[in-house]
Peer 1: 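Take a look at the following structure, please.
Just so you know, these numbers use all the heavy atoms, side chains as well, and skip hydrogens, waters and symmetry mates.
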Amino acid sequence: MKKSLTPPQTPECDYKGTHGQSIVIPSKHITIANSFEKKEHSWFITSHVPTDLTIEVQDVTFNVHKYPLVSKCGYIGRLEFQPSISNFGYDLKLESFPGGSETFEIILKFCYGLPLDLNPNNIAPLRCASEFLEMTEDLQDGNLISKTEAFLTFVVLSSWKDTITVLKSCETLSPWAENLQIVRRCCDSIAWKTSRENIVGDTDCQEGWWFNEVATFRIDHFMRIITAIKAKSTRPEFIGKCIMHYAERWLPGMDVEFEGQRGYGFGKNDLQFGILSRSKEDGGYVHSKEQKIIIESLVSVLPPQNEAVSCKFLLRMLKMAMLYSASPALISELEKRVGMILEDANVNDLLIPSCNNADQGKLVNTVHLKNAQCTMHDTEVVQRIVEYFLMHEQQEQQQKTGRINVSKLLDNYLAEIAEDPNLSITKFQILAELLPENARTCDDGLYRAIDTYLKTHPSLPEHDRRRLCRIMNCSKLSLDACMHAAQNDRLPMRTIVQVLFSEQVKMRTAMQEKESQSGNNSEQEGNHSSTDADIKNLKAELENVKIKMAELQSDYSELQQEYERIGSKQKNVSGWSLGWRKIKNSFHAKVEGNETGEGQQRSSPAGSRLPFRRRSSMP
């Protein structure tokens, strides 16, 4: 390959040396290049004057003349050249040259008088290489340092696209690009342009147009950009969106969601959770280390405001941090931040798998889980998150509205992890009792979780069953839950009695309220035309309540008979039988009193009663 050159025709030139002295170079050493010729890994300059200098840059050899380079490169002018062994010239090897052989080729052409083609792709390497070679104005006016600096300042930094290109090229120019402030100036330019976009644009489409380009940078340059953007007082949610976009690009596996036993279960021989980007063979550990650095860096620049990022994103980052064995301080920080906005979480986001600390970047195999009796989910993390939530709620003295959402979330989480056969009753109980008594307005979700746990652990002893059922408040169960519990053979007998008794009390109270409302409506019959219809509706509802009470009474009778049969086999007289008789007599007395006050005889068809069945499962 040959390129023709048009060298300047001057008899002699006067250059300044490194110490300011004047150096006169004869014209025969200046107008010497006729063409460049490349053969394999060597560059040759063909001219009527033989070359006297061999320079090696990244395994590429350049056979050139000494004086054109000395006239513009202070670094080469200061060197003491060693005579070449192979010819009559000198040998020089440039170690760690910025930009490599391609950049040196451009500089070499500039030294021989070729026109210089500057563009965003080569400006950063040329600026660093010119600094390396000390191509200053002291040697010649219009030298390469001043040319590249002017192009960088007035052309590149005024363009968004060019700035992105230059900053991307700086990734291979460390530490020269850092020392020459090229990275800082590019990051400041990007931050200034994005802050203006943040002020002008309000929609997601306008805000996110540059996310893809910024997400292509290496993590250290991305951190510099985010730091510069934060210094411009940019909205925290704007910065959070940019960080989330970067994490989705560089942390494969962020979008993987667990769905309890429905998503994956025991019996599989492969890993239940795989990181798609994990390097194969020898590169695996290095890649995991890079992922860890990215996670720790992103968490360190998260805005402190709660609205900056979503709770889902924080929980996903927490999973990745545990997966790659991030520092305990960082994991604790993520847990605290999740606890502050826990009411916005989803149950699938809380299903954090148990990690194997011995193998970084992998999760515990389900076969190992069975053998080692390890739980499938990390319940201790969720415990700490809930504790942080309660602590934050107490410190901020906020209204307790968030507790209702958190209680439903925790009950759903308990129902999911209850299907794990290796989950101990102690861990389950600790999680179920984390929230205070007044946090749950209804215990249906807790009852569902307990029933699921009992179904998954059929060999649980009777005392553990009673211990588990003491967690829920039977008076907070709905009618459907009570009817289900009354026929659930997995529950202890004492719990079933408590459920029936509490439901009977609620029904009696509801019946009295209905009768009271019916009497009040009867007194105002002449004032409202719709009173008759209201009274009929109330009476119909009252009859339905009485029918349900009759069904519960039937269940009571069957339970009493069962206990009497058990008590008859024992030597001493069971206290349960006497207790049941007292409950039954009290129940009959109150029911008869209510029926007398109503003045109507209750009809209860034989087919209206449901047979007592205790073999069912929670839907």
Peer 1: Within the distance-only criterion (no hydrogens, no angle test), does the side chain of Thr163 pair as donor or acceptor with the backbone N or O of Ser159 below 3.5 angstrom?
Peer 2: yes
Peer 1: Can you find a heavy atom in the side chain of Arg185 that is under 4.5 Å from one in the side chain of Ser189?
Peer 2: no
Peer 1: Consider only side-chain N and O atoms of His484 and Tyr447, and report whether a donor and an acceptor are under 3.5 Å apart.
Peer 2: yes
Peer 1: What I want to find out is whether Asp411 reaches Arg448 closely enough, with some N-O distance under 4.0 Å, to be called a salt bridge.
Peer 2: no
Peer 1: Evaluate side chain to side chain donor-acceptor pair (under 3.5 Å) for Thr165 paired with Lys161, printing each intermediate quantity in order.
Peer 2: CA-CA 6 Å; Thr165 302; Lys161 185 177 180 180; over 6 Å; no
Peer 1: Checking the side chain of His457 only, and the main-chain atoms of Pro421 only, is there a donor and an acceptor separated by less than 3.5 Å?
Peer 2: yes
Peer 1: Could you report the tightest heavy-atom contact between Pro236 and Glu307, atom names first, then the distance?
Peer 2: CG-OE2, 4.0 Å
Peer 1: Does a salt bridge link Glu335 with Arg384, judged by any charged N lying under 4.0 Å from a carboxylate O?
Peer 2: yes
Peer 1: Indicate the atoms forming the closest heavy-atom contact of Val166 with Cys186, along with that distance.
Peer 2: CG1-SG, 3.9 Å
Peer 1: Carefully, step by step, assess Thr194 and Trp160 under the rule side-chain contact (heavy atoms from CB on, under 4.5 Å).
Peer 2: CA-CA 10 Å; Thr194 55; Trp160 167 270; 3.8 Å; yes
Peer 1: Which pair of non-hydrogen atoms, one from Thr456 and one from Pro458, has the smallest distance, and what is that distance?
Peer 2: O-CD, 3.2 Å
Peer 1: Identify the heavy atoms of Pro252 and Gln291 that sit nearest to each other, and give their distance.
Peer 2: CD-OE1, 4.0 Å
Peer 1: Give me the one residue out of Phe217, Phe313, Trp210, Phe222 that meets ring pair (Phe, Tyr, Trp, His ring centres under 6.0 Å) with Tyr246.
Peer 2: Phe222
Peer 1: State, with a plain yes or no, whether a side-chain heavy atom of His245 is found less than 4.5 Å away from one of Asn212.
Peer 2: yes
Peer 1: Test your reading of the model: is there a side-chain donor-acceptor pair from Asp378 to the backbone of Ile352, 3.5 Å cut-off?
Peer 2: no
Peer 1: Which heavy-atom pair separates Val338 from Leu315 by the least distance, and what is that distance?
Peer 2: CG1-CD2, 3.6 Å
Peer 1: Specify the closest pair of heavy atoms between Met244 and Val309, including all atoms of both residues, with the distance to one decimal.
Peer 2: CG-CG1, 4.1 Å
Peer 1: Look at atom CD of Glu380 and say whether more than 12 heavy atoms of other residues, nucleotides or ligands are closer to it than 6.0 Å.
Peer 2: no
Peer 1: Examine distances only and state if a side-chain atom of Ser407 and a backbone atom of Arg403 form a donor-acceptor pair shorter than 3.5 Å.
Peer 2: yes
Peer 1: Are side-chain N/O atoms of Arg467 and Thr426 paired as donor and acceptor at under 3.5 Å?
Peer 2: yes
Peer 1: Test salt bridge (charged side-chain N to carboxylate O under 4.0 Å, His left out) on Arg224 and Asp220 and set out the steps.
Peer 2: CA-CA 6 Å; Arg224 296 283 294 272; Asp220 55 341; over 6 Å; no
